[in-house]
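What you see below is based on every heavy atom in this structure, not just the backbone, and it leaves out hydrogens, waters and symmetry mates. All values derive from a computational prediction rather than experimental measurement.
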Amino acid sequence: MTKFTASLFILRIISVLILFVTASAEQLYFSWTVSFSQRAPLGVDKKVIVINDEFPGPLLNTSTNDMVNINILNNLTEPFLMTWNGVQLRRNSWQDGVEETNCPIMPGENWTYSFQMKDQIGSYFYFPSLLFQKAAGGYGAIRVNNLDILPLPFPRPDYEYDILIGDWYNADYQELRFALDEGRELSLPDGIIINGIGQNQATLDFEARATYRLRISNVGLKMTLNFRIQDHEMLLVETEGAYTLKQYYESLDVHVGQSYSVLVTARNQTDGISYYMVASSRFIPLELVGIGIIRYSGFLGEPLNPVHPLLLPHDFLYSIEQARSIRLDLSVGAARPNPQGSYHYGSINVSRMLVLENNVALIDGKYRYTVNGVSFVHPDTPLKLADYFQLPNVFKPGIIPDAPFDCPPPRLGTSVIDTEYHDYVHVVFQNPLLSLQTWHSDGYNFFVVGMEYGIWNARKMDTYNMVDAIYRSTVQVYPLSWTAILIKLDNQGMWNLRSQDAEKWHLGQELYIRVKGVEKDPSKISPRDEAPIPKNIIKCGRGVQIY
């Protein structure tokens, strides 16, 4: 075969794949009503946010390339936004649903989110992003299934379940928000819930010898949870859109905002025995436990054997070693035919270095959380809208330094970091506090190349995993430790980088990354590089004056 013939053959294959991908895109339409309902997940009546009267909300079940259209009617008494945790929204931060990319849906109004599940597979979730409403629920699971042309890199499960675990407060979310705004810290949660319900209420039905894919997400406010199933091993196969090396785990630490897929093979029995599934708190003095039940055919009642503590409360060593053991499977593809390992992230030259240190400070007499000394405050107009219409005096990039060294005293500010389209950025998250931190990037996954105790320095790069580091959108930073990531900024827009701890996020621990190409005027950017402003855009702040 000549080089020309080989090239022509490759082009034909690519054309077939492009045609297949285009033909496989489907338009999905959903209508969601967001409202309050009195529920008692832990036995105490509380105002819970439900979607179509469901808590958790409906499963958003999609496939790669699907066009998703979700019309949300806000029947709450407050403004509302929904964000899609881990969905990359390629070229379309207009649909991100956080406070600086979207104006809120006002009470009694509706708005339609429209975005494509492009170049993704995996397990994710959605949740309310405004006004600490996540403490009242309003969340649900997201699946992005692979195209039929790409077989799963593991035996196809017989059944799938979504498992949403999280800490829960019996207090009203508005009371919690008021306490934070007054400068008070949140107390410990009242308990742990599984799929929106309390002790021994969540159930999964197993059939003997069947295989189950469990999609597990920590949708709570602040607490790391350890998940396990009594007398069953879990085979880890995916996390936030990346297929992992297949390894068995007795339990998994799931940090706030993280998602995992595991395969569980049911036991070879039909005698009605049941087993506990357990979500237990980590790294707090008092262990809180959420319990559900795995029921086999002929279910006879609750398991006979009690649940015993599996781990010491502050066993960080176990957790960090587990995190390091989770690696990318380089031999398989995800949303596209090429293997995950064909993208050699370790051989790309870094174009930007950021060291981001989380901390806490007393600012104007109230506790605030900071990134490199800056605690985020929201301007009167969303950043995305202000950027598009070139509104002056809304924000000024550069008020947050690239590193925490020699920072001025802690202060309030609207932190925006300007970057170039296709920059390859090395980010180090430094955590000098005694509490665990969790970071999330909207619009992107990143390679987690290192994590270790102590203070980061350039010599630490020699210890990085530059071959098969896990690729995800949410990562933990252990107390008095650092975590390093590499991220390719190939998704233009205004993207939120935040603490997944809802308390810290609410009190200022976030920033925005503005990714721009050669064309700096947003209204002139090619739709090939970034989606145009939606026709149904909601305007607020100074944006209402623009016609």
Side-chain angles (χ1 to χ4, degrees), residues 14 18 21-22 65 67 83-84 86-102 113-120 241 335-336 338 342-345 347-354 356 379 381-402 414-427 440-447 471 473 485-498 510-535 537 543 546:
I14 292 172
I18 291 173
V21 165
T22 303
N65 295 324
M67 293 295 303
T83 193
W84 320 96
V87 177
Q88 291 183 16
L89 303 171
R90 303 296 296 177
R91 304 181 298 108
N92 202 357
S93 61
W94 291 109
Q95 309 292 327
D96 199 20
V98 289
E99 192 164 354
E100 297 309 325
T101 58
N102 293 87
Y113 289 90
S114 296
F115 52 87
Q116 187 173 24
M117 297 296 194
K118 188 176 181 180
D119 298 323
Q120 276 193 277
R336 291 290 175 263
N338 56 298
S342 65
Y343 182 78
H344 298 294
Y345 67 90
S347 61
I348 302 174
N349 292 327
V350 170
S351 54
R352 183 81 177 269
M353 173 78 184
L354 298 171
L356 302 177
T381 305
L383 297 175
K384 184 66 180 171
L385 209 61
D387 184 44
Y388 184 83
F389 291 118
Q390 302 291 281
L391 301 177
N393 304 319
V394 175
F395 70 97
K396 182 180 179 181
I399 71 161
I400 179 172
D402 284 7
T414 303
S415 299
V416 177
I417 294 177
D418 262 350
T419 60
E420 296 294 327
Y421 193 31
H422 294 303
D423 270 358
Y424 193 57
V425 184
H426 176 199
V427 182
H440 173 82
S441 173
D442 280 356
Y444 294 95
N445 273 23
F446 44 71
F447 295 97
Y471 186 61
S473 62
I485 66 171
L486 295 174
I487 181 170
K488 177 75 169 177
L489 298 181
D490 58 357
N491 195 10
Q492 284 200 185
M494 183 78 71
W495 299 107
N496 186 227
L497 179 65
R498 63 175 177 268
E510 65 176 317
L511 57 90
Y512 282 79
I513 296 177
R514 182 169 64 170
V515 183
K516 281 195 174 184
V518 176
E519 178 56 69
K520 303 304 179 185
D521 183 344
S523 65
K524 297 179 181 179
I525 294 175
S526 167
R528 293 190 304 270
D529 296 325
E530 185 174 4
I533 186 171
K535 293 180 179 179
I537 190 72
I546 307 296

*How long is the span from the OG atom in S441 to the CZ atom in R498, to the nearest 0.5 Å?*
9.0 Å

*asked:* Measuring only between side-chain heavy atoms, which start at C-beta, is L391 closer than 4.5 Å to L385?
replied: no

_Short side-chain donor-acceptor distance under 3.5 Å, S342 and N338_ = yes

*Looking only at non-hydrogen atoms, find the nearest pair between G443 and R90 and report the distance.*
O-NH1, 4.2 Å

*Out of curiosity, Q88 CD to M117 CE, how far, rounded to the nearest 0.5 Å?*
11.0 Å

_Between R352 and I417, is there a side-chain heavy-atom distance shorter than 4.5 Å?_
yes

*Distance-minimising heavy-atom pair for F395 and L383*: CD2-CD2, 3.4 Å

*Should Y512 and V98 count as side-chain neighbours, where that means a heavy-atom distance under 4.5 Å?*
yes

*Taking the six-membered ring for Trp, are W94 and Y388 parallel (under 30°), tilted (30 to 60°) or perpendicular (over 60°)?*
perpendicular

*Hey, could you give me the CG/CD1 distance between L497 and I513, rounded to the nearest 0.5 Å?*
5.0 Å

*Provide the closest heavy-atom pair for G517 versus E420 in the form atom of the first, atom of the second, distance.*
O-OE1, 4.2 Å

*Roughly how far, to the nearest 0.5 Å, is CD of Q95 from CG of N102?*
7.0 Å

*When you check the side-chain N and O atoms of N496 and E510, is any donor under 3.5 Å from an acceptor?*
yes

*Would you call E530-K524 a salt bridge at under 4.0 Å N-O?*
no

*Of the non-hydrogen atoms in T381 and G543, which two are nearest, and what is the gap between them?*
CG2-N, 4.0 Å

*Indicate yes or no: at least one non-hydrogen side-chain atom of Y113 is less than 4.5 angstrom from one of N92.*
no

_Heavy-atom pair of closest approach, residues W84 and L89_ = CD1-CD1, 4.3 Å

*Distance, nearest 0.5 Å, that separates OH of Y471 from CG of L486*: 11.0 Å

*Taking NZ, NE, NH1 and NH2 as the nitrogens, is one of them in K516 or D387 under 4.0 Å from a carboxylate oxygen of the other?*
yes

_With a 4.0 Å cut-off on N to O distance, would you call D119 and R336 a salt bridge?_
yes

*Shortest non-hydrogen separation from Y444 to Q492 and the atoms involved*: OH-N, 4.4 Å

*asked:* Contact between W495 and L489 at the side-chain level, heavy atoms closer than 4.5 Å - yes or no?
replied: no

_Spacing of CG belonging to D529 relative to CD belonging to E519, to within rounding of 0.5 Å_ = 10.0 Å

*Would you mind reporting whether D402 and M353 have side-chain heavy atoms less than 4.5 Å apart?*
no

